[in-house]
Amino acid sequence: MNVLRVGNASGFYGDRFDAMREMLTGGPLDVLTGDYLAELTMLILGRDRLKDPGAGYARTFLRQLEECLGLARERGVRIVTNAGGLNPAGLADAVRVLADRLGIPVRVAHVEGDDLTAAHPGALAAHAYLGGFGIAECLRAGADVVVTGRVTDAALVTGPAAAHFGWGPTEYDRLAGAVVAGHVLECGAQATGGNYSFFQDGDVRRPGFPLAELHADGTSVVTKHDGTGGFVDVGTVTAQLLYETHGARYAGPDVTARLDTVRLSQDGPDRVRVEGVRGEAPPPTLKVGLNRLGGFRNEVAFVLTGLDVEAKAALVRAQLEPVLGRVADVRWDLARTDRPDAATEETASALLRLVVRDADQQVVGRALSGAAVELALAGYPGFHVLAPPGKGAPYGVFDALHVPRNTVAHVAVRHDGRRVPVPDVQDTAVLRAVPEPPLPRPLPPGPVRRAPLGLVAGARSGDKGGDANVGVWARTDDAWRWLARELTADRFRELIPEARDLPVVRHPLPNLRALNFVVEGILGEGVAAQARFDPQAKALGEWLRARHLDIPEALL
């Protein structure tokens with residue numbers, strides 16, 4: 001059977017260093033991918049490039065490769081990574097230098113054309129999300145290592161699949177199947193029990209990294225190497241499928257995958273079959289992630305212990321208001337973590353968090369930090385802070401925009417140096433919402449009990465710029481019948497007070513027994529701006545699961 005085995009060894013810049021070696025030695029692979037990029041990462045790499053024009057790529061990848069390049073060569077495993085970040089050509093050259101020093105003959109190619117920074121004055125980095133056909137061109141030409149910049153995360157899988165199976169740009173169903181497999185793999189151990197609502201179903205102390213067995217028809221099986229930790233089941237794959245997505249149409253530069261067509265089934269221990277995926281022509285535009293410096297921020301957390309917490313918080317605010325008058329953006333948050341008659345000082349304390357942002361570093365820097373520290377002997381009883389405020393640090397702002405496809409030059413730079421333009425798709429389709437699917441039939445009437453939503457549903461949440469998504473799925477058909485009718489957008493707003501005045505869009509996905517909620521604007525200007533306690537909304541889903549509803553006793 002012609003199967004392409006694609007593994008993942010990195011879900012973000014800073015992921016487990018040993019994962020590359022573990023994946024290369026743990027079992028058979030054809031391709032090993034590494035995803036190092038995120039919206040925040042592009043900002044970090046942009047700041048690196050300001051200090052050193054030759055920087056801008058994930059240096060961790062080079063250190064991993066120093067240990068593992070020989071292993072990959074011996075085992076015939078090709079490596080495809082977006083670790084090139086803002087400088088894929090620079091990383092490709094660095095890999096060649098490394099290979100020469102190690103005496104390992106390796107053909108290195110890279111993909112470029114995503115960098116649109118010059119067209120966006122004032123941007124620290126502006127990069128279009130490219131598809132997988134540049135990667136495919138490099139692999140077809142014989143590359144052992146392919147380095148990219150800002151491609152979509154799933155392109156690290158669609159590129160190798162298109163090269164291996166000979167797919168053309170209009171084989172939408174096959175490409176969509178690979179996109180779904182790539183989306184499951186892209187975040188590493190999140191597909192093998194990491195960050196999973198029902199983590200107690202298995203041993204997730206050290207989850208292994210995932211791999212997918214891809215077939216020529218676009219179907220796949222998600223699994224992991226034998227003997228590695230964690231587990232793969234329909235739930236772990238569902239959770240990752242919902243992560244950082246919006247509606248039923250999951251748009252990419254190569255294809256729009258229909259998430260409402262995905263069918264998952266258990267195919268044995270630690271094996272989940274993914275099939276039925278349908279694809280459509282991609283949109284006529286490409287997404288561009290634009291990072292810019294937004295100004296400077298500072299933060300201090302005051303600890304309020306014991307009685308009169310509200311009055312103590314009011315006193316701090318009154319004392320600092322004269323200093324904060326010049327600050328452009330001031331945010332106070334009081335977290336009532338205190339308990340009455342607490343057995344420890346920590347559990348008797350609440351936290352008052354002050355975050356300030358301004359274009360002028362002096363405004364949020366020493367003036368604020370000095371004023372806060374000066375309250376040490378002149379503030380509320382028991383005054384202390386978690387850490388002294390600093391001088392103010394720069395923060396970034398992420399914006400997503402879209403540009404016509406013909407304004408982006410997608411180029412594959414083969415290992416022999418030949419530059420090959422990657423043809424754009426001929427057919428496109430404007431992205432539209434799918435019609436609302438019918439609701440499942442309701443459960444028969446019966447007694448209910450006030451209980452946490454998480455007893456019957458899992459959730460996973462994440463960020464997309466200033467928006468957050470929360471995917472919620474049921475584990476049984478009966479639980480889905482209840483969830484689909486009970487958890488409306490209005491009920492979501494009731495359960496998550498932060499969302500009460502924000503647009504909340506609900507996207508049902510019946511095949512997955514899931515609902516995907518998009519909360520617009522809850523993260524302000526994005527993760528780098530750090531406007532919220534949980535700036536990437538990573539735990540928003542777990543908060544939702546902890547909220548209480550009237551749940552049918554038959555489900556509990």
Side-chain angles (χ1 to χ4, degrees), residues 4 6 30-35 37 56-57 61 72 76-97 99 105-119 126-172 174-175 178-179 182 252-255 281-282 284-288 403-428:
L4 180 70
V6 181
D30 300 304
V31 178
L32 183 60
T33 66
D35 178 12
L37 301 184
Y57 55 78
F61 172 74
V77 178
R78 295 165 127 182
I79 294 176
V80 178
T81 179
N82 61 15
L86 278 58
N87 188 6
L91 179 55
D93 286 341
V95 173
R96 294 185 186 99
V97 171
V106 173
R107 293 166 294 192
V108 184
H110 73 276
V111 176
E112 59 185 42
D114 59 298
D115 192 347
L116 305 182
T117 307
H127 289 256
Y129 287 70
L130 302 179
F133 279 96
I135 296 170
E137 171 64 31
C138 293
L139 292 172
R140 282 195 295 262
D144 302 302
V145 178
V146 181
V147 173
T148 78
R150 179 72 278 187
V151 297
T152 64
D153 302 338
L156 301 177
V157 173
T158 60
H164 182 79
F165 296 117
W167 293 340
T170 60
E171 297 188 63
Y172 298 135
R174 293 177 172 87
L175 289 168
V179 163
D254 297 322
V255 65
T285 59
L286 294 179
K287 178 182 174 182
V288 176
V403 298
R405 301 179 70 102
N406 60 9
T407 63
V408 179
H410 189 175
V411 178
V413 184
R414 292 166 36 163
H415 66 275
D416 58 6
R418 181 183 170 195
R419 299 176 62 83
V420 180
V422 178
D424 196 12
V425 299
Q426 297 301 307
D427 298 322
T428 62

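Just so it is clear, the model here is predicted, and its values are computed rather than measured. In what follows, every heavy atom counts, from backbone to side chain, and hydrogens, waters and symmetry copies are set aside.
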Q) Would Arg414 and Asp416 pass as an ion pair if we require N to O under 4.0 Å? A) yes

(Q) Could you report the tightest heavy-atom contact between Leu116 and Ala128, atom names first, then the distance? (A) CD1-CB, 4.0 Å

Q) If we only count heavy atoms from C-beta on, is the Asp153 to Asn82 side-chain gap below 4.5 Å? A) yes

Q | Heavy-atom closest pair, residues Leu86 and Asp115 | A | O-OD2, 4.3 Å

Q) Which atom names give the shortest non-hydrogen contact between Ala94 and Tyr57, and what distance separates them? A) CB-OH, 3.9 Å

Q. Got a sec, which residues hit ring-ring contact (aromatic ring centres under 6.0 Å, His included) with Phe165, two or more places apart in sequence or on another chain?
A. Trp167

Q) Do Thr428 and Arg405 come close enough that some side-chain heavy atom pair is under 4.5 Å? A) yes

Q: Decide yes or no for Val413 and Arg419: does some side-chain heavy atom of the first lie under 4.5 Å from some side-chain heavy atom of the second?
A: yes

Q: Working to the nearest 0.5 Å, report the span between CG of Asp254 and CG of Leu130.
A: 9.5 Å

**Q.** Minimal non-hydrogen separation, Thr158 against Leu175, with atom names
**A.** CG2-O, 4.0 Å

Q. Can you tell me how far NE2 of His127 sits from CZ of Arg150, rounded to the nearest 0.5 angstrom?
A. 9.5 Å

Q. Looking at CG of Leu139 and CZ of Arg78, how far apart are the two atoms once the value is rounded to the nearest 0.5 Å?
A. 5.0 Å

Q) Tell me, do Asp114 and Val151 make a side-chain contact under 4.5 Å, heavy atoms counted? A) no

Q: Heavy atoms only: give me the nearest Ala109-Ala143 pair and the separation to one decimal.
A: CB-CB, 3.8 Å

(Q) Does any part of the side chain of Asn406, heavy atoms only, come nearer than 4.5 Å to the side chain of Asp424, both counted from C-beta? (A) no

Q: Nearest 0.5 Å please: distance from the CG atom of Leu37 over to the CG atom of Leu156.
A: 8.5 Å

**Q.** Straight-line distance of Arg96 CZ to His110 NE2, nearest 0.5 Å
**A.** 7.5 Å

Q. Between Ala161 and Ala178, which heavy-atom pair has the shortest distance, and what is it?
A. CB-CB, 4.2 Å

Q: Determine yes or no for a side-chain-to-main-chain donor-acceptor pair under 3.5 angstrom, with Glu137 supplying the side chain and Gly134 the backbone.
A: no

Q.
Does any part of the side chain of Phe133, heavy atoms only, come nearer than 4.5 Å to the side chain of Val425, both counted from C-beta?
A. no

Q. Can you find a heavy atom in the side chain of Val111 that is under 4.5 Å from one in the side chain of Pro88?
A. no

Q | Thr81 OG1 to Asp35 CG distance, which is reported to the nearest 0.5 Å | A | 7.5 Å

(Q) Going by salt bridge (charged side-chain N to carboxylate O under 4.0 Å, His left out), name the residues that satisfy it together with Asp427, two or more places apart in sequence or in a different chain. (A) none

